[in-house]
Amino acid sequence: MRQFATVLSNHPIAKGAMEMKVSVDTNEIAPGTFFHVKTSELLRRPLSVANVEGNVVTFLYKVIGAGTTDLAARRAGDKLDVLGPLGNGFPLQQAGKRVVLVGGGIGVPPLYYTRRVLAARGIETVAILGFDTKASIFYEDAFRELGETIITTVDGTYGEKGFVTGPLAQVDADVLFSCGPEPMLKAVAASHIEERYISIENRMGCGIGACFACVYQAPDGYVKVCSDGPVFRAEEVTL
Ligand code: FES
């Protein structure tokens, strides 16, 4: 659904990370889905849903180009042209008794909303969140309020030094939900957790399965990230 959301707030929350809250007119938003947001660039930009409270949706994004620089300049009261919610999110019905959530950098946001929904359903979760450095960390307290949370930093300035795969090797869970950079997804896809679901980030055009801009290699051909995903079983894509 296309609509004009109203920006409520938009500010930095950590090194390289912005938090934008908008009000949208939508009933139900599944964890792991995204909105396709119009910026000054030709192509819209997919932004995952970091949280939903009533009709307020939170996006977290990194300023890395003209489109996100434009987003960072939006102020409260501005209108934002959005399509969504789009895509297929994390399969909460597969969640089992204990879920491990593994996020890296700007892949962390969709796991927060996912964790909130799982907690409301009484499902235990453990979160492992990886960042480059202490200054890049966001939402730590919010995650801790919902259960066990392990933070890693690559440079060791906070939490456990290294990558998320270190603590993941020690975790016992039935299902894994993950979002983050491709090398991290590749590592978690090879982990010992029996059922593994990963959210793929890719450039997009239409966002609704019509243009093939977002195709991603799969063992038996390709998948469209926007409409087949962005969440896939680890075995469904070739990382
Ligand atoms: Fe057009 Fe996915 S973005 S098919």
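Whatever order the structure lists them in is the order used to number ligands and atoms, beginning at 1. What's counted below: heavy atoms across the whole structure, side chains too, no hydrogens, waters or symmetry copies.
Residue-and-atom listing of protein N/O/S atoms under 2.8 Å from atom 1 (Fe) of ligand 1, sorted by chain and number: Cys206 SG, Cys211 SG.
Exactly one of Arg44, Arg74, Lys38 qualifies for a salt bridge (Lys or Arg N to Asp or Glu O under 4.0 Å) with Asp81. That residue is Arg44.
Listed by first then second residue, pairs satisfying ring pair (Phe, Tyr, Trp, His ring centres under 6.0 Å) with a partner in residues 37-60 read Phe35-Phe59, not counting sequence neighbours.
Using a 4.5 Å cut-off between side-chain heavy atoms of Ile, Leu, Val, Met, Phe, Trp and Tyr, Val56 falls into a hydrophobic cluster with Leu8.
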Could you go through residues 211-232 and list every donor-acceptor pair under 3.5 Å that involves a side-chain atom there, pairing it with any protein atom two or more places apart or in another chain?
from   : atom 1 : to     : atom 2 : distance (Å)
Tyr216 : OH     : Glu182 : OE2    : 2.7
Lys224 : NZ     : Gly209 : O      : 2.7
Asp228 : OD2    : Lys224 : N      : 2.7

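Residues Phe177 and Phe90 place their aromatic rings such that the two centres sit under 6.0 Å apart.
At a cut-off of 3.5 Å, with distance as the only test, a side-chain donor of Thr125 or Arg115 sits close to an acceptor on the other residue.
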